[in-house]
Engineer: 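The structure follows.
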Protein chains: 2
Amino acid sequence: MCMNNSVTLKDIAKALNLSISTISKSLNDSYEISVDTKQKVLAYAQKHHYSPNRLAKGLKEGKSRSIGIVVCSLDNNVIAQMLDGIDTVSADNSYQIIIMQSKESQKQEAACIELLYSGGVDGILISPACETVDFSYLRSLQESGLPIVLFDRLSDQIDTHKVGADNFQGAYDATMHLIKNGYKNIAHLNTNTTLSIATERLNGYKQALMDSEITYRPELLRSCDYSDTQKLNSDLREAILYFMSLPDKPDAIFTATDQISTRCLTLLNKLGYHIPTDIALIGFTNTDLAEALSPALSTVHQPAFEMGQLAAKKLISLIESKVHDQEYETVMLETYIQARASTQSKD
Amino acid sequence: MCMNNSVTLKDIAKALNLSISTISKSLNDSYEISVDTKQKVLAYAQKHHYSPNRLAKGLKEGKSRSIGIVVCSLDNNVIAQMLDGIDTVSADNSYQIIIMQSKESQKQEAACIELLYSGGVDGILISPACETVDFSYLRSLQESGLPIVLFDRLSDQIDTHKVGADNFQGAYDATMHLIKNGYKNIAHLNTNTTLSIATERLNGYKQALMDSEITYRPELLRSCDYSDTQKLNSDLREAILYFMSLPDKPDAIFTATDQISTRCLTLLNKLGYHIPTDIALIGFTNTDLAEALSPALSTVHQPAFEMGQLAAKKLISLIESKVHDQEYETVMLETYIQARASTQSKD
DNA sequence: CTGTTAGCGCATTCAT
DNA sequence: ATGAATGCGCTAACAG
């Protein structure tokens, strides 16, 4: 009987009057064991619900068949979809997933990583906290042999496999969509973080303007504090009021994140602006409810589930490859635009 | 160096020319060790980022300081909030959480539980799959000493701590809210599952009708298949069309789950019905976007985060209590009604 | 074909 | 105050 009273090899050995290693080999279908013995052992094991102790196995084999995941938050639409993708692949490959939240704090993130590392995970999947600028700890773990894959929020501070969305293109497409639909004065709401996804989305926006020969107006860009919902809401509110107070006010807004997109819509409604006649709106978001919103919201959709799947696949391949000399690659999955009423053509 | 190249007791012992047990005792601040030695050991350990191997520790101590969680799906608003609550409490108490999805399949759920059990988790938090009717496996684990707590979806097939929402009252309040606002012909959309939360919500609805002296009309109750989104959508569509074709058609719908509520709203809009003039709508859902929907959706809100927190607390107390003779209790957390445009008063 | 032994990293009991 | 020895459950090298 082991820690949780389950049957162990020893128990079976005793019951069957065989040695522990014979049992182990039988259960692992070793060629050394006679068919007869194997059957006896297997039968007993099944009858008594034997299942190997993963802790012991992990300790012995130097791995735990578990993957550590660090995300900023669990209560988040897009992240939930990514986790779902990660879990699908992990489960298929018999890896358990251990999930931890950084809550956007670099310090807490480090604690998560440390805990996962000492917990003996075989690898780590991480979407860094927006605070995180220092990747030296992660790098040091990597150098000592721990496979790491970045997903969603990427960074060039560490050399490894990375799986994200093509944020530049997504932002470019969204802005172009607005322009094609007759909107020329396009504001942009982004986060005040240094995350690459923020910069890429901003750059996509700028490039679309440039390609359309629309002058970029710095006053139409506002960066909002992401630290908490309260602060985000007040920043957004302020930004919107500012935009609408401009002499040459915008006729459309492109929003850079799930949170910002949906909250912006809510705020515009609350402030009494009519979408899209007063102002059009398109934003990054994965919510299923986009079409049920008032008005139906045009969105840039990220392949979140697929990102999770691919990131998990990359990590598992890293874990299971003996030679660690594969070229690291960065994959950017395509986003797509879902046009709805909030960006109805002006014509 | 252990499995992931981290420093072990042995390494420190060798480096400091001391025995392993001295190192172990120093790090555990044993009274047997001199202050001098302790300091030396501690200094070395910190410098080299020693962290105990959880696998080894778990194997030795017969526990892993980890909690297994089984939910039907990760990609779900309400569940994400519950997981967030669970994680908060778990992290505070230095427990890692291992999350698995049953995808509503009893078979897969059993596999999850087995995996968690053999993984040496100290306890299991489970919200059973809607397919699950047989709790004997879970009971047998419990009998062999594994602490188990049910949350959200409860069952009387197993005797343990249970944390859920007061579904009866929530449904009662929602129905009463409709009645007070002048709606008398109230339809109800529920799942076709045998889950107690489904029955409780149905009973709350019925009781409210009864208390208001409104006759319950069986034709105004439809149960939809929950097996997949496709099926759910088509069932809902059919149900709505059926309701609206009735000679004495309903003037309001009360929906029993997050999925049903939001999809029902989307479908009503698509089918061209105006809410609430053609038909009012209130439902269980926790989405932040309720007020941004078209129209703003009245909801029954569940304290999902708190449910998660409380369930985790209960489980940890079960794990850490030496004597397993505490009385099991079932806690039902209060829901609350958020009234919005979709149930505007008829007057 | 089966059994013995060793060792993964740790805590702990029992010497010294 | 320190160290040697044991065992948690498992696999694997080696012996018989």
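Computed from heavy atoms alone, side chains included, the values below leave out hydrogens, waters and symmetry copies. Below, read A as the first sequence line, B as the second, and so on, with proteins coming before strands; counting in each chain starts at 1.
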Engineer: May I have the list of side-chain donor-acceptor pairs in residues 37-47 of chain B shorter than 3.5 Å, sequence neighbours left out?
Structural biologist:
unit_1  : atom_1 : unit_2  : atom_2 : d
B:Thr37 : OG1    : B:Ser34 : OG     : 2.7
B:Lys38 : NZ     : B:Asp29 : OD1    : 3.0
B:Lys38 : NZ     : B:Ser30 : O      : 3.0

Engineer: Answer yes if the side chains of A:Ser102 and A:Ser105 hold a donor-acceptor pair under 3.5 Å, and no otherwise.
Structural biologist: no
Engineer: Mind calculating the distance between CG (A:Leu16) and P (C:dT2) to the nearest angstrom?
Structural biologist: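 Distance check: A:Leu16 CG to C:dT2 P gives 11 Å.
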Engineer: Would you kindly give the CD1-to-C1' distance between B:Ile12 and C:dC10, to the nearest whole Å?
Structural biologist: 12 Å
Engineer: Does a side-chain N-to-carboxylate-O contact under 4.0 Å join A:Glu329 and A:Lys314?
Structural biologist: yes
Engineer: Between C:dC8 and B:Lys10, is there an OP1 or OP2 to side-chain N/O distance shorter than 4.0 Å?
Structural biologist: yes
Engineer: Can you tell me if the side-chain N/O atoms of A:Thr37 get under 4.0 Å from OP1 or OP2 in C:dC1?
Structural biologist: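 No, no such contact exists.
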Engineer: Between the protein and nucleotides 4-6 of chain D, which nitrogen or oxygen pairs come in under 3.5 angstrom?
Structural biologist:
unit_1 : atom_1 : unit_2  : atom_2 : d
D:dA4  : N6     : B:Ser21 : OG     : 3.1

Engineer: Mind calculating the distance between CG (A:Asp36) and P (C:dT2) to the nearest angstrom?
Structural biologist: 8 Å
Engineer: For B:Ser24 and B:Ser21, which I'm curious about, is there any donor-acceptor pair between the side chains at under 3.5 Å?
Structural biologist: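 Checked: B:Ser24/B:Ser21 side chains show no N/O donor-acceptor pair below 3.5 Å.
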Engineer: Which pairs with one or both residues in residues 131-142 of chain A pass salt bridge (charged side-chain N to carboxylate O under 4.0 Å, His left out), sequence neighbours excluded?
Structural biologist: none
Engineer: Among the nucleotides D:dA1, C:dG9, D:dT11, which one has an atom lying closest to any side-chain atom of A:Leu9?
Structural biologist: D:dT11
Engineer: So, is A:Tyr50 near the phosphate of D:dC10, with a side-chain N or O under 4.0 Å from OP1 or OP2?
Structural biologist: yes
Engineer: If the condition is salt bridge (Lys or Arg N to Asp or Glu O under 4.0 Å), which residues does B:Glu104 pass it with, not counting sequence neighbours?
Structural biologist: B:Arg153
Engineer: Counting side-chain heavy atoms from C-beta on, which of D:dT11, D:dG3, C:dC10 comes nearest to B:Thr8?
Structural biologist: C:dC10
Engineer: From the set D:dT2, C:dA11, C:dT2, return the single nucleotide nearest to any side-chain atom of A:Thr22.
Structural biologist: C:dT2
Engineer: Could you check which of D:dT2, D:dC10, C:dT2 has an atom nearest any side-chain atom of A:Ala56?
Structural biologist: D:dC10
Engineer: In degrees, rounded to 10°, what is the bend between the two ends of the helix from C:dC1-D:dG16 to C:dT16-D:dA1, using five pairs at each?
Structural biologist: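 About 60°, once rounded to a multiple of 10°.
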Engineer: What pairs with A:Thr193 under side chain to side chain donor-acceptor pair (under 3.5 Å), at least two apart in sequence or on another chain?
Structural biologist: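 Only A:Thr191 meet the side chain to side chain donor-acceptor pair (under 3.5 Å) criterion with A:Thr193.
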Engineer: When you check the phosphate oxygens OP1 and OP2 of D:dC8, does a side-chain N or O of A:Asn53 lie under 4.0 Å from one of them?
Structural biologist: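 Answer is no, no contact under 4.0 Å.
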Engineer: Whole-Å distance between D:dA12 P and A:Asp29 CG?
Structural biologist: 14 Å
Engineer: According to side chain to side chain contact (heavy atoms under 4.5 Å, CB included), who are the partners of A:Thr88, at least two apart in sequence or on a separate chain?
Structural biologist: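 Listed in chain order: A:Asp84, A:Asp92, A:Phe305, A:Gln309.
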Engineer: Under the side chain to side chain contact (heavy atoms under 4.5 Å, CB included) rule, collect the residues that match up with A:Leu115, sequence neighbours excluded.
Structural biologist: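 Result, side chain to side chain contact (heavy atoms under 4.5 Å, CB included) vs A:Leu115: A:Met100, B:Arg54, B:Gln96.
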Engineer: How long is the line joining NZ of A:Lys63 and P of D:dC10, in whole Å?
Structural biologist: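 Interatomic distance, NZ of A:Lys63 to P of D:dC10: 17 Å.
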Engineer: Using whole Å, what does the distance between atom C1' of nucleotide C:dC8 and atom CG of B:Leu59 come to?
Structural biologist: 9 Å
Engineer: What is the distance, to the nearest angstrom, from the CD atom on A:Glu32 to the C1' atom on D:dG16?
Structural biologist: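 Answer to the nearest Å: 13 Å.
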Engineer: C:dC1 C1' sits how many Å from A:Ile23 CD1, rounded?
Structural biologist: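 Going from A:Ile23 (CD1) to C:dC1 (C1'), I get 13 Å.
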Engineer: Only counting residues at least two apart or in another chain, list the ones meeting side chain to side chain contact (heavy atoms under 4.5 Å, CB included) with B:Asp87.
Structural biologist: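 Checked B:Asp87 against side chain to side chain contact (heavy atoms under 4.5 Å, CB included); matches are A:Leu74, A:Gln101, B:Ile97.
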